[in-house]
Engineer: 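Take a look at the following structure, please.
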Amino acid sequence: MRIVAVIPAFNEEVAIGSVVLLTGEHVDEVIVVDDGSADRTAHVAEMAGARVIRHHRNLGKGAALKTGFEAADADVIVTLDADAQHNPAEIPKLVEPILRGRPTL
């Protein structure tokens, strides 16, 4: 199964690089949706290995997630915040029931 992480980001150049690198250890692809950032968020995310999609103006987290979902060619999509609020090391624990075909509610 193909697992893709979608990370909406707005002015997160300080944290996004490490979030992308750590997330990439657990998924097949990392997509960062730069939601109109005025800083170097998109550049740093690309340098860390993410596929970056840019909104030219800030449309909000919901729109950024929708853009990422539409771009992801995946069986499983995981979302994380760009500010390192979520621990990428927990991705395997999160997706394991899905991969076994027994998602929990």
Side-chain angles (χ1 to χ4, degrees):
M1 290 193 135
R2 182 168 158 77
I3 303 169
V4 174
V6 172
I7 304 173
F10 179 69
N11 293 334
E12 291 291 349
E13 74 175 291
V14 172
I16 194 66
S18 60
V19 172
V20 169
L21 288 170
L22 293 170
T23 301
E25 294 178 10
H26 305 287
V27 300
D28 298 301
E29 182 180 25
V30 178
I31 298 173
V32 171
V33 180
D34 179 8
D35 193 31
S37 295
D39 64 3
R40 298 175 348 119
T41 295
H43 176 74
V44 173
E46 285 175 340
M47 296 302 292
R51 173 165 53 128
V52 175
I53 301 168
R54 292 178 178 91
H55 288 170
H56 294 291
R57 63 183 177 87
N58 184 264
L59 300 175
K61 185 175 183 177
L65 285 169
K66 182 178 179 187
T67 296
F69 294 160
E70 290 171 350
D73 178 20
D75 300 299
V76 177
I77 298 173
V78 176
T79 65
L80 294 96
D81 284 350
D83 62 0
Q85 177 175 309
H86 303 120
N87 182 359
E90 294 184 1
I91 292 171
K93 194 167 36 174
L94 177 68
V95 301
E96 191 267 332
I98 297 167
L99 298 177
R100 281 190 295 126
R102 303 178 80 179
T104 58
L105 299 177

Engineer: Under the side chain to side chain contact (heavy atoms under 4.5 Å, CB included) rule, collect the residues that match up with Thr67, sequence neighbours excluded.
Structural biologist: Val33, Ile53, His55
Engineer: Just so I know, are the side chains of Asp75 and Ile3 near enough to count as touching, which here means a heavy-atom distance under 4.5 Å?
Structural biologist: no
Engineer: Let me check something: any side-chain donor-acceptor pairs from residues 87-99 under 3.5 Å, sequence neighbours excluded? List them with distances.
Structural biologist:
residue : atom : partner : partner atom : Å
Asn87   : OD1  : Ala89   : N            : 2.9
Glu96   : OE1  : Arg100  : NE           : 3.3
Glu96   : OE1  : Arg100  : NH2          : 3.4
Glu96   : OE2  : Arg100  : NE           : 2.3

Engineer: Check whether any side-chain heavy atom of Thr79 sits under 4.5 Å from a side-chain heavy atom of Phe69, and report yes or no.
Structural biologist: yes
Engineer: What pairs of residues pass the salt bridge (charged side-chain N to carboxylate O under 4.0 Å, His left out) test when at least one of them lies in residues 7-30, not counting sequence neighbours?
Structural biologist: Arg2-Glu29, Glu13-Arg40, Glu29-Arg51
Engineer: Report whether Ile7 and Val27 are members of the same hydrophobic cluster (ILVMFWY, side-chain heavy atoms less than 4.5 Å apart, transitive linking).
Structural biologist: yes
Engineer: Could you list the residues that satisfy side chain to side chain donor-acceptor pair (under 3.5 Å) with Asp83, not counting sequence neighbours?
Structural biologist: none
Engineer: Report whether Met1 and Val78 are members of the same hydrophobic cluster (ILVMFWY, side-chain heavy atoms less than 4.5 Å apart, transitive linking).
Structural biologist: yes
Engineer: Please list, one pair per line, the donor and acceptor atoms closer than 3.5 Å that link side chains of residues 56-63 to other protein atoms, with sequence neighbours excluded.
Structural biologist:
residue : atom : partner : partner atom : Å
Asn58   : ND2  : Asp35   : O            : 3.0
Asn58   : ND2  : Asp35   : OD2          : 3.1
Lys61   : NZ   : Asp81   : OD1          : 3.0

Engineer: Can you check whether Val32 reaches Ile16 side chain to side chain, under 4.5 Å on heavy atoms?
Structural biologist: yes
Engineer: Who pairs with Thr23 by side chain to side chain donor-acceptor pair (under 3.5 Å), at least two apart in sequence or on another chain?
Structural biologist: none
Engineer: In Å and rounded to the nearest 0.5 Å, what is the CG to CD distance from Asp34 to Glu46?
Structural biologist: 9.0 Å
